[in-house]
Amino acid sequence: AQTVTQSQPEMSVQEAETVTLSCTYDTSESDYYLFWYKQPPSRQMILVIRQEAYKQQNATENRFSVNFQKAAKSFSLKISDSQLGDAAMYFCAYAYSGAGSYQLTFGKGTKLSVIP
Amino acid sequence: DTGVSQNPRHKITKRGQNVTFRCDPISEHNRLYWYRQTLGQGPEFLTYFQNEAQLEKSRLLSDRFSAERPKGSFSTLEIQRTEQGDSAMYLCASSAPGTNIQYFGAGTRLSVL
């Protein structure tokens, strides 16, 4: 079974600084997707960034980028120029390409606080 | 595109009662998912529909749980004879054909007293 581990229950960052959230996963599959989702308090989860396992290039979306290390099964999220609106729970998730559903397996999340 | 809509947002019930939640996916999204999220945990997959067909069910989905998606549009999740352990946030997500990006609703928070 696939598992996703986020070892940092809470993190904090100064506004305008950079922070990195860690995620490791375990799978025996070679073709899969990895995601970072953001869940603000009392609001719906939204996709931050997606990485396809067969692509070596790390995904980037504006201030958000990932460091994908397939051999190490590591998928960290870097947030640059942190803003107050970045404060939220961040979930790392995995989806196996061979399953027709692409059901997501989530980690326990990291609570990010942004200090003004 | 109004996003994924879930109703009600909050539900308080007494142990042993039945409850039903509704999810309206984004228009034209053929895939629909239900997840459960307990305090301090990430969401856990419950079940998946492609159009009106329920194609996958998690072992978490006990016999007291049933989900439907008539006509491939909205979906309902019913819990019969609720237990205190059913207290959680129930999340619905949908995705469009040809993509695996899931869009989530705000969830229904269930409290079983």
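Just so you know, these numbers use all the heavy atoms, side chains as well, and skip hydrogens, waters and symmetry mates. The model shown is predicted, which means the values in this text are computed figures rather than measured ones. The chains referred to below are lettered A, B, ... by the order of the sequence lines, with proteins before strands, and numbering in each begins at 1.
One distance of note links CZ of R43(A) with CZ of F104(B); it measures 15.5 Å at 0.5 Å rounding. The distance from the OG atom of S101(A) to the CD atom of Q102(B) is 8.0 Å, given to the nearest 0.5 Å. In this structure, OH in Y37(A) is found 7.0 Å from CD1 in I101(B), a value given to the nearest 0.5 Å.
Considering only heavy atoms from C-beta on, Q44(A) stays 4.5 Å or farther from V4(B) through its side chain. Using a 4.5 Å heavy-atom threshold, the side chains of S58(B) and Q103(A) count as separate. The closest side-chain heavy-atom distance from Y103(B) to I46(A) is not below 4.5 Å.
Remark: L60(B) CG is packed, more than 12 non-hydrogen atoms of other residues, nucleotides or ligands lying under 6.0 Å away. Other residues, nucleotides and ligands contribute over 12 non-hydrogen atoms within 6.0 Å of the CG atom of L113(B). Applying the 6.0 Å contact sphere to CZ of R64(B) captures more than 12 heavy atoms from other residues, nucleotides or ligands. By the 6.0 Å contact criterion, NZ on K111(A) is open, its count of non-hydrogen atoms from other residues, nucleotides or ligands being 12 or less.
Neither the backbone nor the side chain of R109(B) comes within contact range of chain A; no heavy atoms are under 4.5 Å apart. Heavy atoms of Q6(A) lying under 4.5 Å from chain B are absent altogether. Contacts between Q6(B) and chain A at a heavy-atom distance below 4.5 Å are absent for every atom of the residue. Both the backbone and the side chain of L104(A) have a heavy atom closer than 4.5 Å to some heavy atom of chain B.
Residues I115(A) and L84(A) do not share a hydrophobic cluster, clusters being chains of Ile/Leu/Val/Met/Phe/Trp/Tyr side chains in contact below 4.5 Å. Linking ILVMFWY side-chain heavy atoms closer than 4.5 Å, directly or via other members, places Y35(B) and I79(B) in two distinct hydrophobic clusters. I26(B) and L32(B) sit in two unconnected hydrophobic clusters of ILVMFWY residues. Membership requires side-chain heavy atoms under 4.5 Å apart, directly or through other members. The same ILVMFWY cluster, assembled from side-chain heavy atoms under 4.5 Å apart, contains both V19(A) and V48(A). Linking ILVMFWY residues whenever their side-chain heavy atoms come closer than 4.5 Å, directly or via other members, leaves F74(B) and Y90(B) in distinct clusters.
Between chain A and the residues Q37(B), M89(B), E44(B), the most heavy-atom pairs under 4.5 angstrom are made by Q37(B).
Here the shortest heavy-atom pairing between G42(B) and F91(A) reads CA-CE2, 3.4 Å.
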Report task. With ring-ring contact (aromatic ring centres under 6.0 Å, His included) as the test, would you mind laying out the steps for Y102(A) and Y33(B) before giving the verdict? Result -> CA-CA 10 Å; Y102(A) 288 105; Y33(B) 307 79; 8.9 Å; no
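Applying the salt bridge (Lys or Arg N to Asp or Glu O under 4.0 Å) test to every pair with at least one member in residues 9-32 of chain A, sequence neighbours left out, gives these pairs: D26(A)-K73(A).
Among residues 45-55 of chain B, the residues having any heavy atom closer than 4.5 Å to a heavy atom of chain A are, in sequence order, F45(B), Y48(B).
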